[in-house]
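Here is the structure we will look at.
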Amino acid sequence: STGSATTLTGATATLNGSANPRGAAATGWFRYATVSPGTCDDVFGTRAPASGGTALGSGNTGIAFSEPITGLVPGTTYYYCALSQNSVGLSIGSVQSFLAPNVPTLVTQAASSITGTTAVLNGSGNPNGASTIGWYRYSTTNPGTCNDSFGTRAPVTAGTGTSLSFGTSPVGYTQSLSGLTPGATYFFCAIASNVVGTGLGNVLQFTTP
């Protein structure tokens with residue numbers, strides 16, 4: 001049987017499966033590709049490993065096996081299946097798929113609840129398949145384009161922010177600011193990071209009354 005892929009990053013993943021040797025020494029391996037084969041076979045895509053495989057013994061119970069793969073393209077869907085062979089013949093598992101995570105996609109949205117000294121920054125981030133944390137940067141000096149070094153980080157502590165989970169749809173998040181200067185123009189942008197990298201939103205501005 002083919003199991004779920006795990007430890008997904010933009011470029012790597014671990015394929016998982018299990019097989020029952022049925023009383024003869026068996027070996028297990030995987031096949032994967034960016035095009036669905038429809039049904040599993042031992043000719044499509046790439047073999048993992050390229051030769052040989054995991055020795056599964058010769059018992060009569062299911063044995064789990066896995067194989068790490070590398071060189072994946074972030075944001076790409078991969079199709080894969082588990083295969084096993086003993087002296088009697090070859091067995092194949094079902095075709096499963098996974099999405100290789102990509103850098104988060106960010107959109108900075110208009111600030112709200114603006115007073116002379118406070119404001120709420122708004123934005124949304126698409127985690128693109130990996131656990132993601134979102135935050136903001138703001139300053140009275142225009143950075144030109146968003147980056148994670150200008151002005152002040154909100155929240156201030158590195159590594160903290162709003163969890164955007166690990167889906168593939170945009171998730172809105174906000175950050176309250178205080179201690180602003182009345183009558184000042186502030187520039188800000190939404191930022192988020194996952195295991196693949198850091199995504200940057202567009203730069204917007206607001207002026208405190």
Side-chain angles (χ1 to χ4, degrees), residues 1-106 125-135 158-171 191-199:
S1 64
T2 308
S4 299
T6 55
T7 58
L8 303 178
T9 74
T12 66
T14 298
L15 305 183
N16 300 288
S18 66
N20 185 333
R22 294 282 179 87
T27 301
W29 66 94
F30 298 88
R31 285 276 182 177
Y32 68 98
T34 57
V35 177
S36 175
T39 57
C40 182
D41 59 51
D42 196 24
V43 294
F44 85 94
T46 301
R47 191 185 193 278
S51 61
T54 301
L56 305 177
S58 56
N60 283 286
T61 59
I63 303 296
F65 64 102
S66 61
E67 185 69 29
I69 56 176
T70 62
L72 307 182
V73 178
T76 301
T77 298
Y78 288 85
Y79 302 87
Y80 67 101
C81 61
L83 304 93
S84 181
Q85 186 170 30
N86 63 15
S87 58
V88 180
L90 173 72
S91 289
I92 58 177
S94 59
V95 175
Q96 305 286 348
S97 66
F98 67 88
L99 175 67
N102 207 347
V103 174
T105 304
L106 277 297
N126 186 330
N128 285 328
S131 180
T132 298
I133 295 293
W135 65 93
T160 64
T162 302
S163 173
L164 305 182
S165 189
F166 52 86
T168 55
S169 298
V171 177
I191 303 175
S193 178
N194 62 20
V195 68
V196 185
T198 300

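Below, all heavy atoms of this structure are taken into account, side chains as well, without hydrogens, waters or symmetry copies.
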Quick check for you: to the nearest 0.5 Å, what is the distance between [X] atom [atom1] and [Y] atom [atom2]?
X: Thr9; Y: Leu72; atom1: OG1; atom2: CG; answer: 7.0 Å
X: Thr46; Y: Phe30; atom1: OG1; atom2: CZ; answer: 14.0 Å
X: Leu8; Y: Asn194; atom1: CG; atom2: CG; answer: 11.5 Å
X: Leu15; Y: Tyr78; atom1: CG; atom2: OH; answer: 11.0 Å
X: Leu83; Y: Ser91; atom1: CG; atom2: OG; answer: 9.0 Å
X: Ser87; Y: Arg22; atom1: OG; atom2: CZ; answer: 13.5 Å

Give a yes or no on this: more than 12 heavy atoms of other residues, nucleotides or ligands lie within 6.0 Å of atom CZ of Arg47. yes

For [X] against [Y], the heavy-atom pair lying closest together:
X: Gly57; Y: Pro21; answer: O-CB, 3.4 Å
X: Pro127; Y: Ser165; answer: CB-O, 3.8 Å
X: Gly17; Y: Ala82; answer: CA-CB, 4.3 Å
X: Cys40; Y: Ile92; answer: O-CD1, 2.9 Å
X: Val196; Y: Gly10; answer: CG2-N, 3.5 Å

Side-chain contact test, heavy atoms from C-beta onward, threshold under 4.5 Å: evaluate it for [X] versus [Y] and give yes or no.
X: Pro37; Y: Val95; answer: yes
X: Thr162; Y: Trp135; answer: no
X: Thr27; Y: Leu56; answer: no
X: Ser131; Y: Val195; answer: no
X: Trp29; Y: Pro49; answer: yes
X: Thr6; Y: Asn16; answer: yes
X: Ser18; Y: Ile63; answer: no
X: Ile191; Y: Thr198; answer: yes

Could you walk me through whether Phe44 and Tyr32 pass the ring pair (Phe, Tyr, Trp, His ring centres under 6.0 Å) check? CA-CA 7 Å; Phe44 85 94; Tyr32 68 98; 8.5 Å; no

Checking Cys81 against Thr2 for the side-chain contact (heavy atoms from CB on, under 4.5 Å) test, could you report, in this order, the C-alpha distance in whole Å, the side-chain angles of both residues, the deciding distance, and whether it holds? CA-CA 6 Å; Cys81 61; Thr2 308; 3.9 Å; yes

Under the side-chain contact (heavy atoms from CB on, under 4.5 Å) rule, collect the residues that match up with Ala64, sequence neighbours excluded.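 In terms of side-chain contact (heavy atoms from CB on, under 4.5 Å), with neighbours along the sequence ignored, Ala64 is linked to no residue.
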
Does the side chain of Thr14 come under 3.5 Å of the side chain of Thr7 through a donor N or O and an acceptor N or O?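 There is such a pair (donor and acceptor under 3.5 Å, judged by atom type) between the side chains of Thr14 and Thr7.
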
Distance-only criterion, 3.5 Å: show the donor-acceptor pairs between side-chain atoms of residues 96-105 and protein atoms not counting sequence neighbours.
residue, atom, partner, partner atom, Å
Gln96, NE2, Ser94, OG, 3.1
Thr105, OG1, Asn128, ND2, 3.0

Please determine whether a side-chain nitrogen of the Lys or Arg among Asp42 and Arg31 lies less than 4.0 Å from a carboxylate oxygen of the Asp or Glu. yes

